[in-house]
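Order of the sequence lines sets the chain letters (A, B, ...), proteins ahead of strands, with each chain counted from 1. The model shown is predicted, which means the values in this text are computed figures rather than measured ones.
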Protein chains: 4
Amino acid sequence: MPIGPTTTDVRTQRKNDRRRSIVEAAARLFAEHGFADCDMECVAGDLGIAKGTLYLYFPGKVELFRACVDWGMAEMQRVVFEAAQGELPPFRRLARSIRAYLEFFDQNPQYVELLIQERAMFRDRKRGTYFEYREGIRADFRSIYGQLVADGTLRNDLPLDRLLDAVGAMLYGTMLVNNAMGRAISSDEQYDAVMNTVFGGLVTTAGQEKLRETLKPV
Amino acid sequence: MPIGPTTTDVRTQRKNDRRRSIVEAAARLFAEHGFADCDMECVAGDLGIAKGTLYLYFPGKVELFRACVDWGMAEMQRVVFEAAQGELPPFRRLARSIRAYLEFFDQNPQYVELLIQERAMFRDRKRGTYFEYREGIRADFRSIYGQLVADGTLRNDLPLDRLLDAVGAMLYGTMLVNNAMGRAISSDEQYDAVMNTVFGGLVTTAGQEKLRETLKPV
Amino acid sequence: MPIGPTTTDVRTQRKNDRRRSIVEAAARLFAEHGFADCDMECVAGDLGIAKGTLYLYFPGKVELFRACVDWGMAEMQRVVFEAAQGELPPFRRLARSIRAYLEFFDQNPQYVELLIQERAMFRDRKRGTYFEYREGIRADFRSIYGQLVADGTLRNDLPLDRLLDAVGAMLYGTMLVNNAMGRAISSDEQYDAVMNTVFGGLVTTAGQEKLRETLKPV
Amino acid sequence: MPIGPTTTDVRTQRKNDRRRSIVEAAARLFAEHGFADCDMECVAGDLGIAKGTLYLYFPGKVELFRACVDWGMAEMQRVVFEAAQGELPPFRRLARSIRAYLEFFDQNPQYVELLIQERAMFRDRKRGTYFEYREGIRADFRSIYGQLVADGTLRNDLPLDRLLDAVGAMLYGTMLVNNAMGRAISSDEQYDAVMNTVFGGLVTTAGQEKLRETLKPV
DNA sequence: CATGAATGAGTTTTCATTCAT
DNA sequence: TATGAATGAAAACTCATTCAT
């Protein structure tokens with residue numbers, strides 16, 4: 001009996017591909033028109049399929065929307081994590097992640113839009129998808145921050161959580177403001193501003209010596 | 001003909017009072033239920049008036065909503081400006097404004113909600129009300145920042161606009177994150193975090209000496 | 001201060017009149033097309049009003065339908081009760097009620113239809129409206145039957161409940177069969193049949209001798 | 001060419017078996033959820049086959065439903081007929097049939113449900129399946145009733161049709177009422193009640209004297 | 001000015017039926 | 001034969017807005 005993909009495998013695969021392509025189209029359209037003003041007809045039309053078909057892949061409009069946000073945030077998380085991999089000094093890994101974060105939202109502005117839509121629409125969900133993924137990222141980066149405090153690169157007079165908060169708020173704010181202003185500022189410039197200000201402030205004087213290279217503009 | 005308030009004046013006054021009270025109720029309700037889930041009936045009901053009456057004061061739902069956001073942002077601007085008044089050193093005035101900003105949104109979370117609603121709903125409007133008022137504030141504070149750069153308190157190796165951007169992004173991010181996390185952190189702590197990080201980074205070493213008092217926790 | 005109808009009274013009155021006329025039209029249409037095949041548009045159209053207006057008077061299609069059945073059964077109950085009033089011997093009152101029941105459904109076949117619709121549609125409701133009203137009628141007639149048993153008119157070898165059941169089943173069956181056959185038999189004839197059989201018995205006195213064994217309880 | 005079941009016969013046989021098993025499942029499910037709330041998916045799922053397969057055996061949902069009702073009524077007719085067979089006195093055969101009828105619906109309440117569903121759904125069909133089969137039964141029993149009138153067991157002052165109507169209505173009503181009340185009364189008791197009332201009459205001999213006027217035709 | 005009844009366009013969702021594989 | 005993915009028509013319900021009183 002030959003080993004190979006079973007019918008079920010193929011079907012599952014096909015179904016996943018389809019879900020994926022629906023999510024991609026929907027993410028774009030939800031971002032373009034807003035959740036309320038993008039009806040299922042519109043998504044189906046864009047994909048060239050019938051309205052009813054969408055319901056074979058997602059239970060309803062809300063779930064489709066959630067899948068879009070989730071997909072985007074998973075992407076973002078992946079990109080940020082990947083940037084932190086490799087045999088590099090901790091601050092370097094941190095910096096690369098920050099850059100990755102800003103670039104991700106700069107290149108995928110539709111996900112900024114979806115975050116806002118989600119926040120506006122579902123005020124009941126405790127925090128929204130962004131903040132769920134943020135928790136994951138935060139947990140993973142905590143150790144890096146810990147190392148940097150331990151080796152004297154970062155200030156040790158602030159609780160680790162405040163430190164993480166500060167960087168998180170700065171990045172969130174930067175991402176949103178930039179998006180609102182029509183991406184007038186390149187992600188390079190954004191990166192410089194964040195590094196110069198937040199880390200200019202968080203890094204010790206001694207640390208600044210050590211990081212001269214890393215902190216300077218790209 | 002007697003001098004005094006004319007009938008017209010009285011009418012205008014009364015109309016404005018009415019508009020004002022409608023805006024207050026609507027702001028609360030839009031924030032509570034969201035723009036889409038707060039219907040005109042709901043606003044009218046809360047005020048104890050008929051639905052049709054709302055249309056005597058506002059052309060439509062959207063305009064009423066905009067009036068709410070506008071009202072809130074004007075309040076915010078006023079509060080921030082007021083904090084900057086008085087015979088105080090420039091950095092002091094800056095710090096007081098920042099504190100006022102954070103406190104305003106902490107005490108009026110409904111306006112955070114409205115900002116998010118507006119952003120989500122009206123993606124066509126170039127930037128939204130927050131960013132229009134932000135421009136006004138920014139213009140007014142530019143001179144303060146200029147003074148602080150000139151007198152060596154703030155770093156002069158960054159363009160003034162980047163400096164303003166950095167503070168703005170940090171504040172916007174802090175306000176939103178705090179709101180999303182359920183205001184788990186007091187505005188005092190938020191203030192400290194912002195001052196310690198952003199200004200810890202922006203202030204020169206020399207400047208830090210001078211500002212020792214101002215920068216330290218409240 | 002003059003005594004007279006207040007604005008509220010007038011409004012309530014008007015609202016009730018409207019509800020009433022909607023129920024009348026809806027009862028007719030639900031009966032004609034069936035619950036499933038009679039959409040709200042159809043009811044509204046028949047009344048010359050907009051679909052949305054229906055929702056000002058009834059929360060939804062189901063409630064409108066229920067109001068129709070309820071209205072009809074209340075009418076039926078009223079008619080049956082009224083027939084039992086007056087200074088007449090008990091059996092006479094009973095007979096008049098039975099006649100009234102059969103005539104009511106003969107003249108208002110739409111209510112037969114609605115009863116069937118309800119039964120088919122809402123299998124979850126314990127019994128349906130007919131059987132709720134039936135309970136009321138039954139309770140009221142129990143005393144008449146009691147008198148007739150006591151004075152020796154009716155057999156006393158059957159529990160009162162079985163007696164009531166028997167008459168009830170006969171009437172229900174007669175009403176439904178007659179309706180299903182297209183009202184081929186006049187309510188006069190139906191009445192005769194019921195009285196002659198249920199009360200008179202089909203078996204002759206002589207026959208009863210012969211059937212003693214067969215007729216007696218199993 | 002060999003004599004024996006041809007390929008075609010085998011196929012036909014298999015097809016019929018399949019139809020049969022589909023009808024059984026569908027009857028159960030239509031009765032449980034109602035025609036409208038039992039979709040083809042649900043029937044297919046219960047049988048462990050694909051939705052499309054149903055359409056190989058029945059042209060559509062309605063035809064499947066009709067087949068269910070038809071199947072049930074044919075069963076009922078068979079059971080009632082069988083009970084009337086044998087070398088027994090006519091009234092005995094009649095009584096056995098009545099008992100069989102009541103027992104059938106008591107033990108197969110799903111068919112009561114289907115009758116109601118059919119009646120509610122297809123008001124256009126002249127009478128519905130029940131009444132078609134009823135005609136058959138009626139025709140067959142007419143001769144029994146005739147004998148009983150002829151031999152003086154049953155009253156001869158009523159047209160034979162009225163007599164048949166009366167028994168039919170009583171049985172139909174009893175079956176439906178009993179079903180609606182949640183089968184609170186055993187089919188034994190139902191049987192007794194029918195026999196006692198319709199055939200025995202509720203009014204005592206003495207009572208009949210008194211009611212001569214009231215009971216006689218209007 | 002105030003009212004609130006009436007409107008009707010607009011959207012989500014369901015499901016019988018089809019048909020390519 | 002059997003499958004099950006795709007279709008698209010149909011219908012309940014909502015709510016901003018209007019307007020006669």
Please tell me which of the listed nucleotides, E/dT7, E/dT3, E/dT13, lies nearest to the side chain of C/T53? E/dT7
Atom pair distance, as rounded to whole Å: CZ in D/F65 and P in E/dA16: 13 Å
Donor-acceptor contact present, side-chain A/Q117 to main-chain A/F35, <3.5 Å: yes
Step by step, would you call B/L115 with B/M73 a side-chain contact (heavy atoms from CB on, under 4.5 Å)? CA-CA 9 Å; B/L115 290 179; B/M73 290 308 95; 3.6 Å; yes
Would you call A/K61 and A/D39 a salt bridge, taking side-chain N to carboxylate O under 4.0 Å as the test? no
Think C/R19 forms a cation-pi with C/F58, using NZ or CZ under 6.0 Å from the six-ring centre and within 45 degrees of its axis? yes
Rounded interatomic separation in angstrom, taking CG from C/L64 and P from F/dC13: 10 Å
A/K15 or B/K61, whichever maps to the more 5' nucleotide of DNA chain F: A/K15
Closest to the A/L56 side chain: E/dT7, F/dT1, F/dA6? F/dA6
Euclidean distance, atom CD1 of residue A/I49 to atom C1' of E/dC19 [Å, nearest integer]: 18 Å
Assign each of D/E41 and A/D39 the nucleotide of DNA chain E bearing its closest heavy atom; nearer the 5' end lies the nucleotide of A/D39
Nearest-nucleotide pick for B/Y55, side chain only, options being F/dA16, F/dC13, E/dA16: F/dA16
Donor-acceptor pair, distance only, cut-off 3.5 Å: does the side chain of D/R119 make one with the backbone of C/I116? no
Is a side-chain N or O of C/E118 found less than 3.5 angstrom from the main chain of C/G128, in a donor-acceptor match? no
What is the nucleic acid contact for D/Y57, judged by heavy atoms within less than 4.0 Å: base, sugar-phosphate only, or nothing? sugar-phosphate
Atom pair distance, as rounded to whole Å: CG in D/L47 and P in F/dT3: 11 Å
Quickly work out the C/L54 CG to E/dA5 C1' distance and round it to whole Å. 13 Å
What's the CG-P distance between A/L29 and E/dT11, to the nearest Å? 14 Å
Select base, sugar-phosphate, or nothing to describe what A/R14 touches, counting heavy atoms under 4.0 Å on all strands. nothing
Integer-rounded Å distance: F/dA6 C1' and A/I22 CD1: 11 Å
Output yes when B/R28 and B/E32 qualify as a salt bridge under the 4.0 Å nitrogen-oxygen rule, no when they do not. no
Parsed dot-bracket for DNA chain E after applying the Watson-Crick and G-U rules with both distances under 3.5 Å and | for other-strand partners is .||||||||||||||||||||
Picking from E/dG8, E/dT3, E/dT17, the nucleotide nearest the side-chain atoms of C/A50 would be E/dG8
Polar pair under 3.5 Å, donor/acceptor by atom type, side chain A/K51, base E/dT13: yes
Separation of E/dA6 P from C/D17 CG (nearest whole Å): 12 Å
Go nucleotide by nucleotide along DNA chain E from the 5' end; which of A/A36 and C/R18 gets its closest nucleotide reached first? C/R18
Parallel, tilted or perpendicular: which one describes the rings of D/F65 and D/F122, with boundaries at 30° and 60°? tilted
